[in-house]
Amino acid sequence: MAVVKPFKGVRPPKNLVEKVQSRPYDVLNSDEARAEAGDNEMSLYHIIRPEIDFPVGTDEHEPQVYAKAAENFAKFQKEGWLVQDDKEQYYIYAQTMNGKTQYGLVVCAYVDDYMNGVIKKHELTRKDKEEDRMKHVRVNDANIEPVFFAYPDNDALDALVAKYVTDAPEYDFTAQLDGFRHQLWVIDNDDDIRVITEEFASMPALYIADGHHRSAAAALVGKEKADNNPAHKGNEEYNYFMAVCFPSSQLTIIDYNRVVKDLNGLSAAQFLDALSADFEVEAKGSDIYKPCALHNFALYLEGVWYSLTAKPGTYDDSDPIGVLDVTISSNLILDKILGIKDLRTSKRVDFVGGIRGLGELERRVDSGEMKAALALYPVSMKQLVDIADTGNIMPPKTTWFEPKLRSGLVIHKLS
């Protein structure tokens with residue numbers, strides 16, 4: 001059963017939240033972080049992207065860059081840009097995109113739950129990325145950014161959240177870049193805190209939606225601290241890490257699409273002919289075509305959109321991995337026809353989050369940068385949960401959750 005606890009959040013005063021908050025560290029590069037921070041010394045990018053405080057081109061993995069993150073975190077607290085709450089409490093974090101609002105609970109999840117599989121994964125992690133985030137957690141002695149979890153729908157938690165969100169939020173702002181709204185409420189009532197803890201304790205599992213590397217890093221540093229503490233008791237703050245947990249039914253997974261640099265020596269006609277062995281291929285013209293169901297794909301090639309529908313027998317609906325459209329497209333198109341064997345390492349394929357729209361696929365092909373684009377129907381939350389529950393791992397670049405969590409609204413100190 002899932003263990004969560006309230007915590008004393010470190011967060012900006014209400015009048016500074018828009019100056020402090022930022023996008024997550026991994027959705028933008030150093031140059032973009034530098035541009036977004038501009039002359040705003042309160043921007044969280046000075047902590048999560050501290051290379052922006054060094055000359056352009058500085059390697060973000062240099063020891064002095066990690067040290068700068070810790071220096072800036074201390075500065076933010078000294079200046080009063082981040083202040084720790086006096087009481088252990090939970091928080092409600094709401095995100096509104098395209099008129100739809102999802103309500104998450106900001107909690108501290110249990111390191112042991114990650115280690116023993118109560119917190120379930122659906123993606124592999126890379127050791128280099130884990131180590132990068134572990135260094136960041138170590139130097140700051142804090143989880144600066146939350147991870148993104150899903151939990152089974154729960155009526156008692158829904159009712160509790162509904163009660164709070166009728167009141168004015170502590171934070172309420174709209175991010176300028178994407179127009180998404182972000183709100184935060186504080187849950188400091190002892191009875192409500194107890195209800196949240198007890199309801200999570202009844203759940204057999206939590207699911208990582210986004211932030212596999214941050215989850216791994218936070219849990220591994222927590223275990224590291226426990227192993228290195230001769231007086232370890234098990235109730236120390238480092239035994240927990242910060243997560244925002246949303247009901248599964250509220251979450252939206254959008255498409256995660258592919259673009260390829262070449263057709264493996266084939267002409268466009270030969271490529272389409274090869275596709276016809278496993279797919280029903282139908283030309284749709286120059287207007288953007290969006291996949292309409294599972295096992296239906298959209299191909300953009302030489303100015304024309306095509307519908308590709310996988311033929312029966314080319315996939316196994318009883319296999320939680322084999323039934324995924326990312327698996328079908330990887331096996332039957334990228335591997336079988338184009339010879340792209342490893343999506344993690346191949347330089348011939350790139351990935352485009354659906355938030356950019358299918359017009360971005362057209363742009364990258366029409367520019368000559370890419371030869372063809374493949375749009376996929378989004379994975380469902382049920383598919384994600386089924387895969388996590390069976391201990392399977394999704395292929396690379398399968399899920400894209402939107403909206404992304406904003407960083408800097410709440411931080412969790414490990415001591």
Side-chain angles (χ1 to χ4, degrees), residues 21-33 35-36 45 48-49 93-104 122-123 145-150 173-183 207-214 244 246 248-260 287-294 296-300 305 324-326 329 343 349-367 369-370 372-381 383-384 394-409:
Q21 58 83 32
S22 74
R23 293 196 283 164
Y25 86 99
D26 56 350
V27 302
L28 75 174
N29 60 34
S30 298
D31 291 339
E32 290 168 329
E36 285 188 28
Y45 291 129
I48 62 172
R49 280 287 188 178
Y93 175 25
Q95 302 172 296
T96 303
M97 178 181 78
N98 301 332
K100 176 191 172 186
T101 302
Q102 57 193 35
Y103 297 94
H122 67 264
E123 287 183 5
E145 298 183 274
V147 295
F148 187 166
F149 285 0
F173 65 92
T174 298
Q176 293 183 354
L177 279 176
D178 52 29
F180 301 156
R181 187 181 184 185
H182 302 267
Q183 298 166 287
Y207 300 87
I208 302 174
D210 205 1
H212 281 75
H213 289 96
R214 270 169 283 172
V244 185
F246 292 88
S248 293
S249 64
Q250 293 185 14
L251 297 181
T252 300
I253 306 177
I254 62 176
D255 44 312
Y256 211 161
N257 303 313
R258 282 85 169 108
V259 286
V260 295
D287 291 341
I288 288 176
Y289 174 73
K290 190 176 181 69
C292 59
L294 285 174
N296 179 243
F297 305 82
L299 169 70
Y300 185 63
W305 284 91
L324 294 174
D325 283 350
V326 288
S329 60
L343 298 189
V349 63
D350 198 7
F351 307 91
V352 181
I355 192 68
R356 295 180 178 271
L358 299 191
E360 175 69 6
L361 301 185
E362 278 192 335
R363 186 193 69 77
R364 294 189 68 175
V365 173
D366 290 345
S367 71
E369 176 199 1
M370 296 292 176
L374 192 66
L376 281 63
Y377 194 76
V379 171
S380 69
M381 276 301 300
Q383 287 179 311
L384 184 153
M394 285 184 169
K397 309 295 185 182
T398 299
T399 58
W400 183 283
F401 284 88
E402 202 70 45
K404 301 293 185 187
L405 303 177
R406 299 304 279 196
S407 297
L409 304 190

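Looking at heavy atoms from C-beta onward, Leu343 lies in side-chain contact with Val349 at the 4.5 angstrom threshold. For the pair Phe149/Val244, no side-chain contact is recorded, criterion being any heavy-atom separation below 4.5 Å from C-beta on. In this structure, Arg214 and Asp26 have side chains that are in contact, with non-hydrogen atoms separated by less than 4.5 Å.
Residues forming a ring pair (Phe, Tyr, Trp, His ring centres under 6.0 Å) with Tyr207 (at least two apart in sequence, or on another chain): none. Every residue was checked against the salt bridge (charged side-chain N to carboxylate O under 4.0 Å, His left out) condition with Glu32, not counting sequence neighbours, and none meets it. Contacts of Ser248 classified as side-chain hydrogen bond (donor to acceptor under 3.5 Å, both in side chains), with partners at least two apart in sequence or in another chain: none. The side chain to side chain contact (heavy atoms under 4.5 Å, CB included) check on Lys404 picks up Pro24, Val27, Asp210, Trp400, Glu402, with sequence neighbours excluded. In terms of the side-chain hydrogen bond (donor to acceptor under 3.5 Å, both in side chains) criterion, residue partners of Arg406 (sequence neighbours excluded) are, by chain and number, Gln21. Tyr25 meets the ring pair (Phe, Tyr, Trp, His ring centres under 6.0 Å) test with no other residue; sequence neighbours excluded.
Nearest heavy atoms, Val326 versus Pro395: CG2-CG, 3.7 Å. Taking both residues in full, the closest heavy atoms of Phe401 and Ala209 are given as CE1-O, 3.2 Å, listed atom of the first, atom of the second, then distance. Shown here for Lys100 and Thr252, the closest heavy-atom pair between the two residues is NZ-OG1, 2.7 Å. The two residues Val147 and Gly211 make their nearest non-hydrogen contact at CG1-O, 3.7 Å. Of all heavy-atom pairs between Gly354 and Ile254, the closest is C-CD1, 3.8 Å. Residues Pro291 and Leu376 come closest through the heavy atom pair CG-C, 3.9 Å.
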Subject >> Verdict with supporting geometry, Ile253 and Gln383, side chain to side chain contact (heavy atoms under 4.5 Å, CB included) >> reply: CA-CA 11 Å; Ile253 306 177; Gln383 287 179 311; over 6 Å; no

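A distance of 4.5 Å separates CD in Glu123 from OG1 in Thr399, rounded to the nearest 0.5 Å. Atom CZ of Phe148 is separated from atom CD of Gln95 by 6.0 Å, given to the nearest 0.5 angstrom. With rounding to the nearest 0.5 Å, the separation of CG in Leu374 from OG in Ser329 is 5.5 Å. In this structure, OG1 in Thr174 is found 8.5 Å from CD in Gln183, a value given to the nearest 0.5 Å. Interatomic distance, CE of Met394 versus CG of Leu324, reported as 5.5 Å (0.5 Å rounding).
Between Phe351 and Tyr256, the ring planes lie perpendicular to each other; the angle is over 60°, past the 30° to 60° tilted range. A perpendicular orientation is assigned to the rings of His122 and His212, their planes being inclined by more than 60° (bins at 30° and 60°).
A donor-acceptor pair under 3.5 Å is formed between the side chain of Arg258 and the backbone N or O of Lys397. Checking side-chain atoms of Arg49 against main-chain N and O of Leu28 turns up a donor-acceptor pair under 3.5 Å. Judged by distance alone, with hydrogens and angles left aside, the side-chain atoms of Gln250 form a donor-acceptor pair with the main-chain N or O of Tyr103 at under 3.5 Å. Between the Asp255 side chain and the Asn257 main chain, no donor and acceptor come within less than 3.5 Å of each other.
Just one of Tyr300, Phe297, Tyr289 meets the ring pair (Phe, Tyr, Trp, His ring centres under 6.0 Å) condition when paired with Trp305; it is Tyr300.
Comment: Asp178 does not engage Arg23 in a salt bridge, judged by the lack of any side-chain N to carboxylate O separation of less than 4.0 angstrom.
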